[in-house]
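Only this structure's heavy atoms are used, side chains among them; waters, hydrogens and symmetry mates stay out. Chain letters run A, B, ... following the sequence lines, proteins first and then strands; every chain starts at 1.
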Amino acid sequence: MKQKLIELVKKSLDTCLERGLLEKKDIPPIEIEATKEDAHGDYATNAAMVLASLMKMNPRKIASLIVENIEDTEGRVEKVEIAGPGFINFFMKDVLWVKLLAEVNGKDEKYGESTLGEGRHVQVEFVSANPTGPLHIGHARGAVIGDVIANILTACGFSVSKEYYINDAGNQMNNLGKSVSLRYRELLGESVDYPADCYQGQYIIDLAHEIVEKHGTYYKDNESEGTVSFFTDYAAGSILDGIKKDLEDFGVVFDCFFSEKTLYHDNGVEKLLRELQEKGYVYHDGPTVWFKTTDFGDEKDRVVVRENGEPTYFAADIAYHKNKYERGFDKVIDIWGADHHGYVPRMYAGIQAIGKDKDALDVVLVQLVSLLRDGKPVAMSTRAGEFVTLGEVVAEVGKDASRYNFLMRRSHSHLDFDLELAKRQSNENPVYYVQYAHARISSIIRTAIERGYAIPAYADIDVTLLTLPEELALIRAIDRFPELIEGSAISLEPHRITFFCNDLASLFHSYYNKNRVVSDDEGLTKARLFLVKCIGIVLRNALRILGVSAPERM
RNA sequence: GCGCCCGUAGCUCAGCUGGAUAGAGUGGCAGACUUCGAAUCUGUUGGUCGUAGGUUCGAAUCCUACCGGGCGCGCCA
């Protein structure tokens, strides 16, 4: 609908230019937006006002020129008005709106998809927590946001790969192995002075138990250089399995788990360092190697090889990103906790040094979550072993409700997650409001079938029967869905979809309370059934993108 | 000290990349089930958009300076 109007206005402008009514200049792209108020018609454009300063003419004068030269050959527009400082308001013929439903119904589960991405390859990397402990609530938000961004991009025609980067090569891993081995010895009766900097959680002891059960005292009796690495590998593998399971229960499934270790095995880090050297982006200070990230706008240079000769995490991360691009991704999106924001400029420096454009990377920062229980903050520290795991949250609050909750705010705003509140108020949770709308639609359709109505096809309905303002408002909302998804994709903002769902559900509930869908009036019933079915399609598609179920009954 | 994010109704938050009279939810108050599901709906209450300037036809949105809150500033990851 919007596109057609843009064409009309564009054509009118061309006509004005040809006839010399307007001076030839670079015309900026025409923008048309859906209006907020009925009095302003269905759509409005500010084109005249934008051109006014360019042409040095009165905006209302330009507006009237545009209006006079519109050739609405297909008869779509009911009325055009010039309003306020120079807005052009378009009133579309009502029937046109109803006709849009044919498209919704025809595309069904594909309604809302677009070709914006043109098949470009995008990778979304998220969660990427060290396998040193179970995922907690803080990871959950990043997990949902990453997952939904991937879904949105997929719906927009991008070829998307979801990836989890396993940081399994650092000191933390050695520490993990050490922690488990000490607990193991403790369980076998040895008196152990357990250090404060080791992992404190109960899960470490559980892992030690497992090892005792499987291997007895073997690793105590046969201690060697490989012993700690056995504990490390065992623990990391087991914890990672747990992470995968928690994510799966949360509806988050990755296409790829990428191990940091493989970067070293393939000499990726070494190759990267050589590349930076060859390109002249590094300098040496004794054994330390510095990368001149200031060349790319960072506030200070960063170390890539430490004094002890080992590459830093940063060096590995650049190598990792290089690897991503070598795998053929046109664009890479990193979802990070907001506490890593200081890291953003150096990552941009990194990808530019390996010859990538800044556009090839987007970093989405997700604010950390404060977990509350009864309004009181729950102290969370992986190291101290005090945390509520993602698995516990999902078990307690439910997948749909917790996902939806994380998606209700912009990712860069703070979020309080109160467990007791989430449980106690579960009936008032917005997710149920939306799901209820969907269940209600299913119920209406069931009722209609019971009373002998068939699910109508577009050809069966009389489009002139849907004339109520509420019905047109619903159709308008439905019509905006594809633009909404595209907007979410461009801005990488999943929360827009939850707001859309709430708005659409609200329009529907209100309509439902005021009007009867299934009645004795056969024509009207068919028309309304068709409308309601289309609303259901859109709700279902929106919820699917959010990874939230659309129940037929509740 | 420097950098990033946030500041909008009593509370929690939107505001579609600069548009017309700033919106939801929640809370308070008053109503609606003999009829497709009341996990719903209707009405009402509620604002110096942190403050002060600037940019222009037009600013919650962009620029500058302050105020207040969070985070970061390691050869940790």
Using a heavy-atom cut-off of 4.0 Å across all strands, would you classify Phe314(A) as base, sugar-phosphate, or nothing? nothing
Please check the phosphate of U40(B) (OP1 and OP2 only) for any side-chain N or O of Tyr432(A) closer than 4.0 Å. no
Kindly state whether the ring of Tyr43(A) and the ring of Phe90(A) have centres lying under 6.0 angstrom apart. no
Of all heavy-atom pairs between Ala550(A) and Arg540(A), which one has the smallest distance, and what is that distance? CB-CG, 4.0 Å
Strictly below 4.0 Å: does Arg410(A) bring a side-chain N or O up to OP1 or OP2 of C5(B)? no
In terms of the angle between their ring planes, are Phe314(A) and Tyr343(A) parallel, tilted or perpendicular, with boundaries placed at 30° and 60°? perpendicular
Could you tell me whether the side-chain ring of His414(A) sits stacked on the base of G70(B), using a centroid cut-off under 5.5 Å and a plane angle under 30°? no
Among A38(B), A77(B), C16(B), the nucleotide that comes nearest once only the side chain of Gln172(A) is considered: A77(B)
Distance-minimising heavy-atom pair for Tyr264(A) and Pro311(A): CE2-CG, 3.8 Å
Please work out if His40(A) contacts a base, only the sugar-phosphate, or nothing of the nucleic acid, heavy-atom cut-off 4.0 Å. base
Taking the C1' atom in each of G23(B) and U61(B), what is the distance between them to the nearest angstrom? 15 Å
Using centres under 5.5 Å plus planes under 30 degrees as the test, is Tyr436(A) stacked with G37(B)? no
Under 4.0 Å from OP1 or OP2 of C57(B): is there any side-chain N or O of Arg60(A) that close? no
Within the 4.0 Å heavy-atom criterion, would you say Lys514(A) contacts the bases, only the backbone, or no part of the nucleic acid? nothing
Which nucleotide in the set C13(B), C41(B), G72(B) lies at the smallest distance from any side-chain heavy atom of Ser510(A)? C41(B)
Residue Asn308(A) excluded, over 12 heavy atoms near CG under 6.0 Å: yes
Reading RNA chain B 5' to 3', what string of ( ), [ ], | and . shows its pairs, if Watson-Crick and G-U wobble pairs count only when both distances fall under 3.5 Å? (((((.(..((((.....[...))))((((((.......))))))....(((((..]....)))))).)))))....
Salt-bridged, Glu522(A) to Lys526(A), with N to O below 4.0 Å? yes
When all nucleic acid strands are considered with a 4.0 Å heavy-atom cut-off, which category describes Ala44(A): base, sugar-phosphate, or nothing? base
Would you classify His341(A) as touching base, sugar-phosphate or nothing, given that sugar-phosphate means primed atoms plus P, OP1 and OP2, and contacts are heavy atoms under 4.0 Å? base
In whole angstrom, what separates Arg346(A)'s CZ from C76(B)'s C1'? 11 Å
P-based separation of G74(B) from A14(B) [nearest Å]: 31 Å
Kindly say whether the aromatic ring centers of Phe296(A) and Tyr348(A) come within a distance under 6.0 Å. no
Just to be sure I understand the rule, does Ser443(A) reach a base, reach only the sugar-phosphate, or reach nothing, if contact means heavy atoms closer than 4.0 Å? base
Could you classify C33(B) for me, syn or anti, using a glycosidic angle within 90° of 0 as syn? syn
Over all strands shown, is Phe87(A) touching base, sugar-phosphate only, or nothing at heavy-atom distances under 4.0 angstrom? base
Can you tell me, in whole Å, how much space there is between the C1' of G47(B) and that of G10(B)? 12 Å
Reckon His340(A) touches a base, only the sugar-phosphate, or nothing at all at heavy-atom distances under 4.0 Å? base
Is Lys61(A) atom NZ crowded by more than 12 heavy atoms from other residues, nucleotides or ligands, each under 6.0 Å away? no
5'-most contact on RNA chain B: Arg553(A) or Ala505(A), nearest heavy atom basis? Arg553(A)
C1'-based separation of C6(B) from C36(B) [nearest Å]: 46 Å
Does the base of G19(B) carry an N or O that pairs as donor and acceptor with the side chain of Asn46(A) under 3.5 Å? yes
Would you sort out whether Glu470(A) and Tyr512(A) count as a side chain to side chain donor-acceptor pair (under 3.5 Å), showing the intermediate values? CA-CA 10 Å; Glu470(A) 304 96 277; Tyr512(A) 172 88; over 6 Å; no
If we take the P atom in both C76(B) and G19(B), what is their distance in whole Å? 47 Å
If you pin Ala83(A) and Ser491(A) to their nearest nucleotides in RNA chain B, which one's is more 5'? Ser491(A)
Establish, with yes or no, whether the OP1 or OP2 oxygen of C41(B) is under 4.0 angstrom from a side-chain nitrogen or oxygen of Tyr433(A). yes
Where does U48(B) land, syn or anti, once you apply the within-90°-of-0 test for syn? anti
Do Asn89(A) side-chain and A20(B) base share a donor-acceptor contact under 3.5 Å? yes
Under 4.0 Å between any heavy atoms, over every strand shown, what does Asn515(A) touch: base, sugar-phosphate, or nothing? Just pick one. base
With a 4.0 Å cutoff (strictly under), does any side-chain N or O of Arg409(A) reach OP1 or OP2 of G15(B)? no
P atom, A30(B) versus G69(B): distance in rounded Å? 40 Å
Mind checking Ser519(A) for me? I need base, sugar-phosphate or nothing, with any heavy atom below 4.0 Å counting as a touch. nothing
More than 12 heavy atoms of other residues, nucleotides or ligands under 6.0 Å from CD of Glu31(A): yes or no? no
Using a heavy-atom cut-off of under 4.0 Å over every strand shown, decide if Arg516(A) touches base, sugar-phosphate, or nothing. base
Taking G58(B) as the reference, what is the distance to C66(B) when you measure between their P atoms (whole Å, please)? 27 Å
Categorize Ser413(A) for me: base, sugar-phosphate, or nothing, with a 4.0 angstrom heavy-atom threshold over every strand shown. sugar-phosphate
Looking at every strand, decide which applies to Arg480(A) at a 4.0 Å heavy-atom threshold: base, sugar-phosphate, or nothing. base
If you measure from the P atom in A65(B) to the same atom in C29(B), how many Å do you get, rounded? 48 Å
